[in-house]
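I have placed the structure first, in the form of C-alpha cells, so that the comments after it can refer back to it.
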Amino acid sequence: MVRRRRRGTRARDASRGHPPSCAGHPRCSAGGGPPTHMALLRQLCVERRGWIAATEFEDGIAATNLLPGPASTQLAILTAWRLRGTAGALVGGFCFIVPGLALILALAALFLAGSPPLWVRGAAAGAGAAVAAVAVQAATALVPGSWRRAGTARPARARWAAYALAGAVAAALTGPWLVLVLVACGLVETAIRAWPATEPGRAFAWPVPLALAVPAAGGLLALAWVALKVGALSYGGGFVIIPLMQADAVEHYHWMTDGQFLNAVALGQITPGPVVQTVAVVGYAAAGVPGGLLAAAVAFAPSFLFVILGGPRFDAIRADARVQGFFTGAGPAVIGAIAGSAVPLALVLQHAWQYGVLGAAALWLLAAGRGVVSTLLGAGALGVVAALTGWAL
C-alpha cells in the first residue's frame with residue numbers, strides 16, 4: 001500500500017533514491033511536456049521541501065505511467081494525495097491544471113476568433129505546420145524504454161514491432177476506433193504471457209464497452225463524450241489522443257476545421273500543462289468558454305478518480321503480471337499511434353510553404369535535438385513572415 005508522508009520528512013531521505021529517468025534527460029530542458037513537469041515536481045517536493053522521499057516519488061512515476069490519462073497531472077495529484085489525502089489531491093490537481101487551462105482558453109479565443117489579425121493567422125498556420133514533426137518526436141522519445149521493456153527474446157521483439165505497426169496504421173486510418181486497437185494489442189500480449197493461468201479479458205475489458213458505446217448525437221453531451229475518451233482512454237502519452245480528437249472534432253461533429261485543429265494541438269504544446277488540455281480548445285470551438293471548461297473538467301476527472309480511488313492499490317497493480325503484460329503490448333501500439341498521427345496531421349496542410357516549415361521543424365527536433373516549444377515558436381514566427389509577405393494562408 002502506498003503510504004502518505006508527513007510534511008516533516010527530512011530532505012536527506014530524498015537523496016537515498018536515484019533520480020527519475022526523466023531528470024537529466026536532454027529533453028527535460030525543453031519547455032513543456034511531462035518530463036519537465038515531473039522534473040520540476042521532484043525538485044520542489046523531494047529536493048527542496050523534502051515532503052516525500054525520492055524512492056516514493058519514483059514509485060509514483062511508475063504507478064501513474066500504468067494509468068490512462070496525463071501522467072504528469074496524475075503524478076501531481078498523487079503527490080498531493082500522499083501529503084493530505086483526498087482534499088490535498090483535489091487542491092493540488094486543481095492548482096496544477098488551472099493556470100495552463102486559463103492561458104490556453106485565452107489563446108483559443110484569440111486564434112479561433114472570427115476575424116483574427118493577419119499576424120495571428122500566420123502564426124497559427126506556421127505553428128500548425130510543425131505539429132506533425134512534434135508527433136514523430138514524441139513517438140521516438142518513447143521507443144527506447146518500451147523496447148527494453150519488451151525484453152531481448154526475438155519473438156517478443158517481433159511482437160513489439162507488430163504492435164507498433166498496428167498502432168501506426170490505426171492512427172492513420174481508423175480515427176476514433178484507434179483505442180480498440182490499443183486495447184487489443186494489450187490483451188493479446190497479456191494472453192501470450194499469462195495464458196491459461198489468468199483471464200486477461202476480465203482484467204482489461206472495461207475500456208471495450210466504453211469505446212463501443214454510442215456517442216451522443218450532438219451538443220454538450222457529445223462534447224462531454226469526446227472529452228471523456230480523451231481523459232480515460234489516452235494510454236501512454238498525450239499525443240495518442242490527437243487522432244481521436246481530430247476524427248470527432250473535425251470530421252464527425254464539424255466543430256472546427258483541420259487548420260484550427262492543428263492550432264489547437266500547437267497551443268496544447270506551447271502552454272504549461274499536459275497535452276490533454278488541447279481538448280479545452282476543442283470545447284471552446286464547440287461551445288465557447290463554457291464548452292472549454294466542460295471539456296477540461298470531464299477530461300481531467302478520470303485522473304482524480306484513478307488516483308483517489310486507486311492510490312492505496314498501486315503497488316498491487318504494478319505487481320500484477322496481467323497489468324505488466326497489457327502495457328507491454330499496448331505500449332508499442334501507443335508509440336506507433338503517436339507516430340501514425342503525423343500522417344493525417346501532415347496531409348491537412350494546404351500550402352507548399354507549410355511543408356517547408358514542417359521539414360525545418362523535423363530537422364530542428366529530430367536532427368538537432370531541440371525542444372518542442374522553441375520549434376513551435378519558430379514555426380509560428382515563420383508563419384508570421386509568410387503572412388506579412390503576402391503568401392497564401
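Judged purely by distance below 3.5 Å, without hydrogens or angles, the side chains of W51 and T79 never pair a donor atom with an acceptor atom.
Under a cut-off of 6.0 angstrom, the local environment of CH2 in W391 is sparse, with at most 12 non-hydrogen atoms contributed by other residues, nucleotides or ligands.
Partner T271 forms a side-chain contact (heavy atoms from CB on, under 4.5 Å) with one of L105, T278, V281, L107 and no other, that one being L107. Screening V276, D248, V282 for a side-chain contact (heavy atoms from CB on, under 4.5 Å) with V230, the sole residue that qualifies is V276.
In the hydrophobic clustering of ILVMFWY residues, with side-chain heavy atoms under 4.5 Å counting as a link, L103 and I270 come out together. Follow the hydrophobic side-chain contacts under 4.5 Å out from W364 and you never reach V384; the two are in separate clusters. A continuous path of ILVMFWY side-chain contacts below 4.5 Å connects L142 to V136, so both sit in one hydrophobic cluster. Criterion: ILVMFWY side-chain heavy atoms under 4.5 Å apart, direct or through other members. Under it, M256 and L220 are part of a common hydrophobic cluster. Hydrophobic clustering (ILVMFWY, side-chain heavy atoms < 4.5 Å, transitive): L376 and V385 are in distinct clusters.
To the nearest 0.5 Å, the span separating OG1 on T140 from CG on L365 amounts to 8.5 Å.
Formation of a donor-acceptor pair under 3.5 Å by the S146 side chain with backbone atoms of V143 is not found in this model. With hydrogens and angles disregarded, a donor-acceptor distance shorter than 3.5 Å links the side chain of H254 to the backbone of E251. Within the 3.5 Å criterion, the main-chain N or O of L101 finds a donor-acceptor partner in the side chain of Q277.
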Using atom types as modelled, flag every donor-acceptor pair under 3.5 Å from a side chain in residues 284-295 to any protein atom, sequence neighbours excluded.
none

Distance-only criterion, 3.5 Å: show the donor-acceptor pairs between side-chain atoms of residues 350-362 and protein atoms not counting sequence neighbours.
from, atom 1, to, atom 2, distance (Å)
H351, NE2, L393, O, 3.4
W353, NE1, A392, O, 2.8
Q354, OE1, Q350, N, 3.1
Q354, OE1, H351, N, 3.2
Q354, NE2, A125, O, 3.1
Y355, OH, A346, O, 3.0
Y355, OH, L349, O, 3.4

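The ring-ring contact (aromatic ring centres under 6.0 Å, His included) analysis of residues 83-112, with sequence neighbours excluded, yields the pairs H37-F96.
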